[in-house]
Amino acid sequence: MLIQEIIRKKRDGAALSDGDLHAFIAGVTDHSVSDAQIAAFTMAVCLRGMSADETARLTVAMRDSGTVLKWDDVARPVADKHSTGGVGDCVSIALAPIVAAAGLAVPMISGRGLGHSGGTLDKLDSIPGYDTAPAPETFARVVREVGCAVIGQTGDLAPADKRIYAVRDSSGTVESTPLITASILSKKLASGIGALVMDVKCGNGAFAASDAAADELAASITATAHKLQLPAAALITDMNQPLAPVAGNALEVALAVRFLRGDERPPRFTEVVTALAQEMLFAGAAASRAQARSAVARVLASGAAAEVFAAMVRALGGAADFVDQFARQLPAAAVVCPVFAEEDGYVGGVDTRALGIAVIALGGGRRRAGDAIDYSVGLGGIAALGEAVDRERPLATVHAGDAAAAERAAAEVRAAFRITEDAPPASPVVLRRLDGGVLSAPPAGGP
């Protein structure tokens, strides 16, 4: 089957068959399909869309491009979470050890930065020694022994998605609902989970900027998951400002560690982490939502979640004392300087996407596939909506590689904030929930 004919078919708005999609994905996997053809295909899908059945077929073809794990010998329920991405979203780093400490097994397959959003893998790569691409047997062992492992796609897990994901980032096709759905679910299904909780971001820092777009994406993912017998639920969460008060790889890891240790628990970040943890536990290990809430509070207060994170880092190559010594071990920027507003007032609005772009311009993300990342750079102390800013409270603190980069970032940060005389009304961070299925423990037996 000629690949260009498959691309032409979708370009003209026709539905692709099982045969079309399996042929295309097989070519992506064995590299007989070029990056240019992948870009043309993804652009055709972005412009023409896909039906629900097509999206499910694409998901299955991508899932089956590699190994599909099984966790039959894991006694506890196996679940995962995925975020559609945003700025300051380091939830996965804190969430996986929380729910593992509370009784779930979490084989979390995460991604790298996409567009203006940071990637969990890029953040974890800032931890010296941490292996985000371990051997499959190591991944399975860490999940069994520790309870969670947050890694990237290995060569065996949904390899077709790995190529397509990289091309989407550099071809202007990140926002396609069918492509996002198939990308997320192919990895999650390949990792062998029993249920999925989605965090679908909505707002000016999200790929789904409007309520309608976020609901469409959440509905697509949960409906496709259910079509493929994967119980799924979704929370729609606000991304009209950074989720955490930091943005940048090492800075976000440090925030997640401080959160787990109890040193710092920013309200919006805390609300999203605990809401997602409760959803996962209610699906798998708790008889009621009250029990789920209690379990989350218990493992945070006792330090059990921090201990699980420390064990995961150690098992995947990081230092045994990382949680205690993270400030010394994470890379630090050469230049750190505050950025003040030109007038006193309140933060009345934030162009969240612009802040994400500013981090990329500092070197904290990729302009094109293959770019090296400076893990130390980013923004710290980001002022929240409604917060007062003046000559003592900056809009943010720039962490840069040199003074010139810091000066450019400072101008971008000022331009991203709107200062008002009065504080805007407070708004919720968890906006709504799409109901999903119920997770049950897998039967006994091995991956």
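Heavy-atom basis, side chains included; hydrogens, waters and symmetry copies ignored. If you read the sequence from its start, that first residue is 1, and numbering goes on from there.
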Checklist entry - Under the criterion side-chain contact (heavy atoms from CB on, under 4.5 Å), which of V174, T55, L58 is the partner of L179? => result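 Single side-chain contact (heavy atoms from CB on, under 4.5 Å) partner of L179 among V174, T55, L58: L58.
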Say whether [X] and [Y], considering side chains only, have a donor N or O and an acceptor N or O under 3.5 Å apart.
X: S191; Y: K187; answer: no
X: S83; Y: K201; answer: no
X: T181; Y: S220; answer: yes

Donor-acceptor pair, side chain of [X] and main chain of [Y], under 3.5 angstrom:
X: R261; Y: V323; answer: yes
X: T352; Y: N240; answer: yes
X: T42; Y: A39; answer: yes
X: N204; Y: V350; answer: yes
X: K188; Y: A195; answer: no

Item to check | Criterion side-chain contact (heavy atoms from CB on, under 4.5 Å) on R63 and L228, from CA distance to verdict | outcome: CA-CA 11 Å; R63 178 200 68 186; L228 299 174; 5.8 Å; no
Item to check | Atom pair SG/CZ of C46 and R168 - distance to nearest 0.5 Å | outcome: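 One gets 9.0 Å once the value is rounded to the nearest 0.5 Å.
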Checklist entry - Hey, what do you get for CG (L196) to CG (L230), rounding to the nearest 0.5 Å? => result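 Nearest 0.5 Å value for the CG-CG distance: 5.5 Å.
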Checklist entry - Parallel, tilted or perpendicular for W71 and F139, by the 30°/60° rule? => result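 W71 and F139: perpendicular rings.
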Checklist entry - Does the side chain of M62 come within less than 4.5 Å of V28's, by heavy atoms? => result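 V28 vs M62: side chains apart.
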Decide, yes or no, whether a salt bridge links [X] with [Y] under the criterion of side-chain N to carboxylate O below 4.0 Å.
X: D351; Y: R418; value: no
X: R289; Y: E279; value: yes
X: K227; Y: D53; value: yes
X: E54; Y: R48; value: no

Item to check | For D321, all residues meeting salt bridge (charged side-chain N to carboxylate O under 4.0 Å, His left out), sequence neighbours excluded | outcome: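 D321 satisfies salt bridge (charged side-chain N to carboxylate O under 4.0 Å, His left out) with no residue once adjacent residues are dropped.
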Next on the checklist: S376: which residues meet the side chain to side chain donor-acceptor pair (under 3.5 Å) condition with it, sequence neighbours left out?
Outcome noted: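 By the side chain to side chain donor-acceptor pair (under 3.5 Å) rule, S376 matches D374.
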Next on the checklist: Are more than 12 heavy atoms, taken from residues, nucleotides or ligands other than Y346, located less than 6.0 Å from that residue's OH atom?
Outcome noted: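 Incorrect, the count does not exceed 12.
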Item to check | side-chain contact (heavy atoms from CB on, under 4.5 Å) between V150 and I93, worked out | outcome: CA-CA 8 Å; V150 185; I93 299 170; over 6 Å; no
